[in-house]
Amino acid sequence: MVRPARRFRFPHPLVLLTAFILVAAGLSYVVPAGEYDRRDDPVVGRSVVVPGTYREVPPNRPGLFDAVVAIPRGMAARADVVFLVFLIGGAFAVFDATGALRRGIFRLTRSLAPPPSSASRPRSGLQRGMSRLVQRLGGPVLAIPVVSLAFAVAGATQNFQEEIIPLVPALMLLVRRLGYAPMVGVAVSAGSAFVGSAFSPMNPFQVQIAQKISDVPLLSGGVFRLIFLAIALSLWIWWTIRYARRTRVRPDMTEAQDAEAVMTWNDRAIFLIVASTFGVLVWGLLNLGWDFNEMSALFFVMGVVVGLVGRLGVTGTAEAYAVGFGSMGYAALLIGFANGIHVVMEDARIIDTIVRGLFTPLENLPVAVSALGMSGAQAFLHFAVPSVSGQAVLTLPVLVPLSDLLGLSRQTMILAYQYGAGLCELISPTNGALMAILAASGVRFEAWWRFVFPRYLMLMVLGAAAIILAVAIGYS
């Protein structure tokens, strides 16, 4: 009897990330150690590479135990992000404990896919008219473009990643109520946010840092980027809708759930508090230069206020926070483990050598081919440097003089960086936020890869087309 071939499965995320840490340590015995000089750039507000200063340095090869020590060091280095995950997770656990979140989602899904029983049909003429309009526009599938666009805007404007993690339980509840698979929840949230970030004309942690380093006017070339952002998002939403329709099952729309969907004035007040919190967050990020610590404090305050308004009391609010902290523990661990890879390679002093080895061969290629090579090299490097802003300050000072030498506009060089590094967020197992989102959603990494990898390749082709067009028209 012939046994069916077993489908390949990626190891558990913690096993996978630990293996990457050990591989990074092993590379230090193969890749020569080297460094560029660095200087503090007051415009960028970060330390940037000084081009032309690369030199070999004595190797610092970590042993096995040193590689393991990189795990807690990676967590400590991303402590601000880890605590953000805990505190936002706690705040949304309080939100959920009030019942307002669940009732709001039930009401939304009932509007998109009303149950067949006459007792739960909309009573007023306005409600019946809105229900008919929603069904005519696509019913439950209407939620996909709406939610996708919301996360895409968050990605394009604020590089949303870790902030998605505590929203996952609510997203999973929403997609289940609509009859969709958990994969759809990941696609409309993380997928949309990452695509929005990669093609963004204004992402402060990506394109704006790149433009500052490259001495290019901020927000310049925005129309060109907006056109390809619209194309990329349209494709992503279309792919997600097709997958959602193909895998949809009959949602569970019980009468008991519909009874819970009656929202109170307290619920409305809670939703107003949550919406106001996000408004204050955007204002603080744009005007006060807030970072992760300020975001953590803001969401802690939100959770306390929501708990009190939701009549949980001080003790009930604290208990809900403790539940939220526990639910976010695994996600926070994944972020720290992923950062351990970068810690090992930085200690071994091989990252600059890899950068030099990737970009130096591009000097002798035609301009368009060199630009595409930059994009591919940025994608490869992103596995080792899973931070788009960190990758910008590492690579762009090297690429600016190279682009000038080739006659490639700096704006096009920034496109190559954006698409290469940004789109790699969709597939990289060293992206701690992605791994945490998948873990919280119950979606295995290999299942996500089967879904996303063909779409990633098509988006890279779209990015390549944009780069070739930019070279042809002299985009600057």
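All values below come from the heavy atoms of this structure, side chains included, with hydrogens, waters and symmetry mates left out.
- When each of Leu358, Leu415, Leu362, Thr395 is paired with Met374, the side-chain contact (heavy atoms from CB on, under 4.5 Å) condition holds for Leu362 and for no other.
- One distance of note links OG1 of Thr412 with CD1 of Ile468; it measures 11.5 Å at 0.5 Å rounding.
- For the pair Leu426/Phe453, no side-chain contact is recorded, criterion being any heavy-atom separation below 4.5 Å from C-beta on.
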Walk me through it: do Val147 and Leu171 pass the test side chain to side chain contact (heavy atoms under 4.5 Å, CB included)?
CA-CA 9 Å; Val147 177; Leu171 284 165; 4.2 Å; yes
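- Taking Phe86 as the reference, nothing meets the ring pair (Phe, Tyr, Trp, His ring centres under 6.0 Å) condition, with sequence neighbours excluded.
- Only one option out of Val388, Leu434, Val195 pairs with Glu425 in a side-chain contact (heavy atoms from CB on, under 4.5 Å); it is Val388.
- Separation of atoms CG (Leu399) and CE (Met413) is listed at 6.0 Å; rounding is to 0.5 Å.
- Without hydrogens or angle criteria, Ser428 side chain to Phe383 main chain gives no donor-acceptor distance under 3.5 Å.
- Taking 4.5 Å as the limit, every side-chain heavy atom of His382 sits out of range of all side-chain heavy atoms of Leu423.
- Phe151 is not listed as a side-chain neighbour of Val188, based on a closest heavy-atom distance of 4.5 Å or more.
- Considering CZ of Arg455 and CG of Leu462, their distance stands at 15.0 Å, rounded to 0.5 Å.
- The closest side-chain donor-acceptor pair between Tyr54 and Thr353 falls under 3.5 angstrom.
- Shortest non-hydrogen contact noted between Leu233 and Gly196 is CD2-N, 4.4 Å.
- Donor-acceptor pairing under 3.5 Å is recorded for the side chains of Tyr475 and Arg225.
- Here Phe300 and Tyr321 bring their ring centres to under 6.0 angstrom of each other.
- Residues Val355 and Leu394 have side chains in contact (heavy-atom distance under 4.5 Å, counting atoms from C-beta outward).
- Between the side chains of Gln418 and Gln378, not a single donor N or O lies within less than 3.5 Å of an accepting N or O.
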Counting only pairs under 3.5 Å, give me each side-chain donor-acceptor contact of residues 61-68, with atom names and distances, residues two or more places apart or in other chains.
from: Arg61; atom 1: NE; to: Ser28; atom 2: O; distance (Å): 3.2
from: Asp66; atom 1: OD2; to: Gly63; atom 2: N; distance (Å): 3.0

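- Within the 3.5 Å criterion, the main-chain N or O of Ser189 finds no donor-acceptor partner in the side chain of Ser192.
- In this structure, Leu167 CG and Leu174 CG are separated by 11.5 Å, a value rounded to the nearest 0.5 Å.
- The one candidate from Phe228, Tyr419, Phe194 that meets the ring-ring contact (aromatic ring centres under 6.0 Å, His included) condition with Phe199 is Tyr419.
- Atom CZ of Phe83 sits in a sparse spot, with 12 or fewer heavy atoms from other residues, nucleotides or ligands closer than 6.0 Å.
- Ile335 and Ala433 make their closest contact through CG1-N, 4.3 Å (heavy atoms, listed as atom of the first residue, atom of the second, distance).
- Taking a cutoff of 4.0 Å between a charged side-chain nitrogen and a carboxylate oxygen, Arg55 and Asp352 do not qualify as a salt bridge.
- Inter-residue side-chain proximity for Ile414 and Ser214 is flagged as met; some heavy-atom pair is nearer than 4.5 Å.
- Scanning all heavy atoms of the two residues, the minimum distance from Pro429 to Leu17 falls at O-CD2, 3.0 Å.
- Distance check: Asn293 CG to Leu298 CG gives 12.5 Å after rounding to the nearest 0.5 Å.
- Here the shortest heavy-atom pairing between Gly422 and Gln206 reads CA-NE2, 3.5 Å.
- Note that Arg450 lies outside the cation-pi zone of Trp448, set by a 6.0 Å cut-off to the ring centre and a 45° limit from the axis.
- Distance alone, capped at 3.5 Å, is enough to place a donor-acceptor pair between the Arg38 side chain and the Tyr36 backbone.
- Side chain of Gln391 to backbone of Pro386: no donor-acceptor contact under 3.5 angstrom is found.
- Residues Arg410 and Asp215 are in side-chain contact: their nearest non-hydrogen atoms beyond the backbone lie under 4.5 Å apart.
- Counting heavy atoms from C-beta on, the side chains of Gln211 and Ser220 come closer than 4.5 Å.
- At least one side-chain heavy atom of Glu363 sits less than 4.5 Å from a side-chain heavy atom of Leu402.
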Determine whether Gln161 and Asn431 satisfy the following criterion, side chain to side chain contact (heavy atoms under 4.5 Å, CB included), listing intermediate values before the conclusion.
CA-CA 10 Å; Gln161 289 198 7; Asn431 180 355; 3.6 Å; yes
Which donor-acceptor pairs under 3.5 Å do side chains of residues 72-82 form with protein atoms, sequence neighbours excluded?
from: Arg73; atom 1: NH1; to: Asp347; atom 2: OD2; distance (Å): 2.4
from: Arg73; atom 1: NH2; to: Asp347; atom 2: OD1; distance (Å): 3.4
from: Arg73; atom 1: NH2; to: Asp347; atom 2: OD2; distance (Å): 3.4

Expected list for residues 276-292: side-chain donor-acceptor pairs under 3.5 angstrom, two or more places apart:
from: Ser276; atom 1: OG; to: Leu272; atom 2: O; distance (Å): 2.8
from: Thr277; atom 1: OG1; to: Ile273; atom 2: O; distance (Å): 2.8
from: Asn287; atom 1: ND2; to: Trp283; atom 2: O; distance (Å): 3.1

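- Ser441 places no side-chain N or O within 3.5 Å of a backbone atom of Val443 that could act as its donor or acceptor partner.
- Checked by atom type and distance alone, the side chain of Thr98 pairs as donor or acceptor with a backbone atom of Phe95 at under 3.5 Å.
- Ring geometry, Phe92 versus Phe299: the interplanar angle falls from 30° to 60°, so the pair is classed tilted.
- Note on ring orientation: taking the six-membered ring where Trp is involved, the planes of Phe451 and Trp236 are perpendicular (angle over 60°, cut-offs 30° and 60°).
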Derivation and outcome, side chain to side chain contact (heavy atoms under 4.5 Å, CB included), residues Arg39 and Val49
CA-CA 7 Å; Arg39 63 178 177 82; Val49 163; over 6 Å; no
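- Ile88 contributes atom CD1, which lies 10.5 Å from atom CD1 of Ile164 (distance to the nearest 0.5 angstrom).
- Within the structure, side-chain hydrogen bond (donor to acceptor under 3.5 Å, both in side chains) pairs that include any residue of residues 193-205 comprise Asn159-Ser197, Asn159-Asn203 (at least two apart or interchain).
- Of all non-hydrogen atoms in Ile213 and Ala392, the two that sit nearest each other are CD1-O, 3.6 Å.
- For Ala464, the side chain to side chain contact (heavy atoms under 4.5 Å, CB included) partners at least two apart in sequence or on another chain are Leu372.
- Scanning all heavy atoms of the two residues, the minimum distance from Ile354 to Met345 falls at CD1-CE, 3.4 Å.
- Remark: the backbone N or O of Asp37 is paired with a side-chain donor or acceptor of Thr53 at under 3.5 angstrom.
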